[in-house]
Amino acid sequence: MDIDPDESVDDMYRLLTSIIVPRPIGWVSTRSAAGVDNLAPYSFYMGIIEAEPPIVMFSAEDRAEGIQKDSTQNVLETEAFGLNLVTSDLVEQMDRTSQSVDGETDEFDLVGLARREADTVDVPLVAAAKATMECTLHDTLSIGDHTVVFGRIELIHVDDALLTDGKIDVRKIDAIGRLTGSYYAELEPFQVDRDWQ
């Protein structure tokens with residue numbers, strides 16, 4: 001099968017989210033200028049854009065009426081957001097935070113998640129997340145009907161349970177990846193024998 005993107009615009013979302021898998025989930029926490037906490041997952045998310053300075057990015061589709069999503073509006077207003085690692089024990093609550101609700105609804109309360117305050121920025125973080133990142137707004141970019149948000153990492157929190165000899169051990173991170181529709185993937189790490197090194 002050959003697909004011309006210019007002739008398959010309606011199917012492009014489904015096609016791309018089916019073959020670009022698994023995608024990391026940017027579980028973005030924000031606080032509005034009015035003080036309402038927001039939590040939403042984004043799979044149009046690139047956990048690393050640059051390491052020095054440490055820059056991450058997520059892309060949020062604007063609403064049908066051209067209004068930006070709450071996460072985007074909050075970041076633009078406050079210039080801050082949090083990123084929370086999604087592990088298998090949090091996947092159901094994360095999935096429930098993907099539902100569309102009005103800007104006055106606090107998703108932490110909606111799905112029964114405890115929060116804790118970030119240290120360097122005014123945002124809530126998922127208390128049960130095994131790793132979180134506190135970010136400040138670096139830049140934004142509009143592409144099509146999406147607003148791409150770039151953030152600079154100001155502080156990273158990692159649960160000691162993920163460490164081996166003082167370093168993060170990928171075998172201990174029970175991360176969840178996004179597939180398509182309501183499908184997710186559990187990651188099973190394996191090593192490749194690099195005889196070429």
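All heavy atoms count here, side chains included; hydrogens, waters and symmetry mates do not. Predicted model, so just to flag it, every value in this text is computed and none were measured. The first residue of the sequence shown is numbered 1, and numbering continues consecutively from there.
Contact between F150 and L137 at its shortest, heavy atoms only, is O-CD1, 3.7 Å. When all heavy atoms of P5 and M12 are compared, the pair lying nearest together is CA-CE, 3.4 Å. When all heavy atoms of S59 and V148 are compared, the pair lying nearest together is OG-CG2, 3.8 Å. In terms of heavy-atom proximity, R178 sits nearest to T180 at NH1-C, 3.6 Å. In this structure, A60 and T72 approach most closely via the heavy-atom pair CB-OG1, 3.4 Å.
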With side-chain contact (heavy atoms from CB on, under 4.5 Å) as the criterion, how do I173 and I168 come out once you've worked through the C-alpha distance, each side chain's angles and the decisive distance to 0.1 Å? CA-CA 9 Å; I173 300 177; I168 297 175; 3.6 Å; yes
side-chain contact (heavy atoms from CB on, under 4.5 Å) between V28 and K69, worked out: CA-CA 12 Å; V28 177; K69 287 192 173 177; over 6 Å; no
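Side-chain contact between H146 and L141 is absent, with no heavy atoms from C-beta onward closer than 4.5 Å. Using a 4.5 Å heavy-atom cutoff, the side chains of I67 and Q73 are in contact. Using a 4.5 Å cut-off on side-chain heavy atoms (C-beta onward), L83 and C135 make contact. Residues H157 and R116 have side chains in contact (heavy-atom distance under 4.5 Å, counting atoms from C-beta outward).
We find that D160 and K172 are not joined by a salt bridge, their nearest charged nitrogen and carboxylate oxygen being 4.0 Å or further apart. Classification of K130 and D89 as a salt-bridged pair holds, one side-chain N sitting under 4.0 Å from a carboxylate O.
Atom CG of D165 is surrounded by 12 or fewer heavy atoms from other residues, nucleotides or ligands within 6.0 Å. Heavy-atom neighbours of E186 CD from other residues, nucleotides or ligands within 6.0 Å: at or below the threshold of 12. Around the CZ atom of R171, the shell of radius 6.0 Å holds no more than 12 heavy atoms that belong to other residues, nucleotides or ligands. When the shell of 6.0 Å around CG of L163 is examined, it contains more than 12 heavy atoms from other residues, nucleotides or ligands. Around CD of Q197, the count of heavy atoms belonging to other residues, nucleotides or ligands within 6.0 Å exceeds 12.
F108 is connected to V91 through a chain of hydrophobic side-chain contacts under 4.5 Å among Ile, Leu, Val, Met, Phe, Trp and Tyr, so both are in one cluster. Residues V75 and V36 do not share a hydrophobic cluster, clusters being chains of Ile/Leu/Val/Met/Phe/Trp/Tyr side chains in contact below 4.5 Å. Cluster membership for I25 and I48, using ILVMFWY side-chain heavy atoms within less than 4.5 angstrom, is not shared. Both L110 and L90 belong to a single network of hydrophobic side chains, linked directly or stepwise wherever heavy atoms of I, L, V, M, F, W or Y lie under 4.5 Å apart. If you chain together hydrophobic residues whose side chains sit under 4.5 Å apart, L76 and F58 fall into the same group.
Here the side chain of E134 pairs no donor or acceptor atom with the backbone of A118 at under 3.5 angstrom. Between the side chain of N84 and the backbone N or O of A129, no donor-acceptor pair lies under 3.5 Å. Between the side chain of R31 and the backbone N or O of A34, no donor-acceptor pair lies under 3.5 Å.
Inspection of the T136 and E154 side chains reveals an N or O donor paired with an N or O acceptor under 3.5 Å. In summary, the side chains of S29 and D37 do not present any donor paired with an acceptor at a separation below 3.5 Å, with no hydrogens or angles considered.
With rounding to the nearest 0.5 Å, the separation of CG in D106 from CZ in R115 is 4.0 Å.
Not counting sequence neighbours, the partners of Y184 by the side-chain hydrogen bond (donor to acceptor under 3.5 Å, both in side chains) test are D95.
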Could you list the donor-acceptor pairs under 3.5 angstrom formed by side chains in residues 39-47, with sequence neighbours left out?
{"residue": "Y42", "atom": "OH", "partner": "S71", "partner atom": "OG", "Å": "2.9"}
{"residue": "S43", "atom": "OG", "partner": "R23", "partner atom": "NE", "Å": "3.3"}
{"residue": "S43", "atom": "OG", "partner": "R23", "partner atom": "NH2", "Å": "3.2"}

